[in-house]
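As the structure is a prediction and not an experimental result, all values here were calculated from the model.
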Amino acid sequence: FRLWQSGFKTQFVAKAFVYHKRRANFEQFFNQTYSFGKARPILSLQHKNTAKLTYWFPSLFLIGFVLSIFIFPLFQILTALYLLYFLLIFMHSLTINKNILVAFLSIYTTLIQMFGYGLGFLQSQFNLHILGKSPQETFPKMFV
């Protein structure tokens with residue numbers, strides 16, 4: 001974003017390889033997605049034209065999931081939609097990986113990713129926009 005704002009041009013290189021560091025365990029994966037969620041509202045503040053509605057999806061997933069569990073009778077359709085979603089993840093993973101354990105872990109990692117990002121995003125939004133804190137006050141470790 002800063003390069004673009006400084007007038008530099010970028011381009012897509014189709015044959016370029018990008019390697020992403022993968023986390024070794026579920027706790028590290030949660031922490032990574034939580035950090036991504038915390039950072040997104042800060043980036044949107046710093047680069048106004050980058051905010052997108054889709055950044056809210058994991059938080060909405062999280063809120064809907066919690067409602068579907070704790071207030072089940074009122075949200076039976078929502079609960080059924082989550083069950084269908086998890087079934088589709090399971091079936092897709094089982095088809096691709098041909099391993100039932102991996103299929104179950106695919107559901108688990110989906111929950112970790114959505115909860116981690118969604119929780120970090122909500123916390124950051126609340127601190128920045130409701131409490132009016134600066135990004136540095138909200139998450140000082142991010143600015144060390």
Side-chain angles (χ1 to χ4, degrees), residues 1-94 96-97 101-144:
F1 299 133
R2 285 183 269 166
L3 289 172
W4 291 336
Q5 289 172 345
S6 298
F8 288 92
K9 302 256 188 256
T10 59
Q11 68 183 43
F12 177 72
V13 179
K15 293 186 181 192
F17 286 93
V18 176
Y19 295 94
H20 294 274
K21 182 177 181 181
R22 296 292 174 221
R23 301 302 167 204
N25 60 46
F26 294 126
E27 182 181 353
Q28 289 175 346
F29 181 54
F30 176 85
N31 290 335
Q32 179 185 34
T33 58
Y34 178 74
S35 293
F36 289 169
K38 288 189 318 187
R40 175 46 52 197
I42 294 169
L43 288 170
S44 294
L45 270 179
Q46 293 172 343
H47 307 282
K48 301 274 186 232
N49 58 338
T50 64
K52 295 179 183 176
L53 178 64
T54 54
Y55 298 145
W56 281 92
F57 289 177
S59 297
L60 296 174
F61 178 94
L62 170 64
I63 292 166
F65 189 81
V66 169
L67 288 175
S68 71
I69 289 176
F70 293 110
I71 313 176
F72 175 77
L74 299 175
F75 294 98
Q76 289 179 353
I77 294 172
L78 187 58
T79 303
L81 289 174
Y82 278 101
L83 291 174
L84 176 62
Y85 180 64
F86 295 136
L87 178 63
L88 291 172
I89 290 171
F90 180 86
M91 296 306 294
H92 181 70
S93 179
L94 186 61
I96 290 172
N97 299 299
L101 177 60
V102 172
F104 279 112
L105 289 173
S106 296
I107 294 170
Y108 186 59
T109 55
T110 297
L111 285 167
I112 291 171
Q113 183 175 14
M114 296 297 226
F115 275 50
Y117 186 98
L119 195 60
F121 185 86
L122 285 174
Q123 182 183 7
S124 191
Q125 286 285 0
F126 182 79
N127 285 330
L128 295 170
H129 300 291
I130 304 298
L131 299 180
K133 291 184 176 182
S134 72
Q136 292 81 0
E137 289 176 300
T138 301
F139 300 109
K141 290 181 183 177
M142 293 174 76
F143 297 92
V144 175

Colleague: Picking from Phe29, Phe65, Tyr34, what satisfies ring-ring contact (aromatic ring centres under 6.0 Å, His included) with Phe115?
Modeller: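 Looking at Phe29, Phe65, Tyr34, the match for Phe115 under the ring-ring contact (aromatic ring centres under 6.0 Å, His included) is Phe65.
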Colleague: Any heavy-atom pair between the side chains of Leu45 and His129 that's under 4.5 Å?
Modeller: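 Counting from C-beta outward, His129 and Leu45 do come under 4.5 Å.
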Colleague: Do other residues, nucleotides or ligands put more than 12 heavy atoms under 6.0 Å from the NE2 atom of His92?
Modeller: no
Colleague: Are the side chains of Thr110 and Tyr85 in touch, meaning some heavy atoms are under 4.5 Å apart?
Modeller: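 They are in side-chain contact.
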Colleague: Heavy atoms, side chains only, cut-off 4.5 Å: are Leu111 and Phe30 in contact?
Modeller: no
Colleague: Should the heavy atoms of other residues, nucleotides or ligands under 6.0 Å from CD of Gln5 be counted, would the total exceed 12?
Modeller: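 More than 12 heavy atoms, drawn from other residues, nucleotides or ligands, come within 6.0 Å of this atom.
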Colleague: Mark yes or no for whether Tyr82, through its side chain, and Phe61, through its backbone, hold a donor-acceptor pair below 3.5 Å.
Modeller: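 Here the side-chain-to-backbone pair exists.
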Colleague: Counting distance only, does the side-chain N/O of Ser124 pair as donor-acceptor with the main-chain N or O of Gly120 below 3.5 Å?
Modeller: no
Colleague: Which value, rounded to the nearest 0.5 Å, describes the distance between Phe121 atom CZ and Leu60 atom CG?
Modeller: 9.0 Å
Colleague: Set out, in order, the CA-CA distance, both residues' side-chain angles and the distance that settles side chain to side chain contact (heavy atoms under 4.5 Å, CB included) for Phe26 and Leu105, then state yes or no.
Modeller: CA-CA 10 Å; Phe26 294 126; Leu105 289 173; 3.8 Å; yes
Colleague: With side chains defined as the heavy atoms from C-beta onward, is the minimum distance between Leu67 and Ile63 less than 4.5 Å?
Modeller: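 They are in side-chain contact.
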Colleague: Checking Glu137 side chain against Lys133 main chain: does a donor-acceptor pair fall under 3.5 Å?
Modeller: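 No: the side chain of Glu137 does not pair with the backbone of Lys133.
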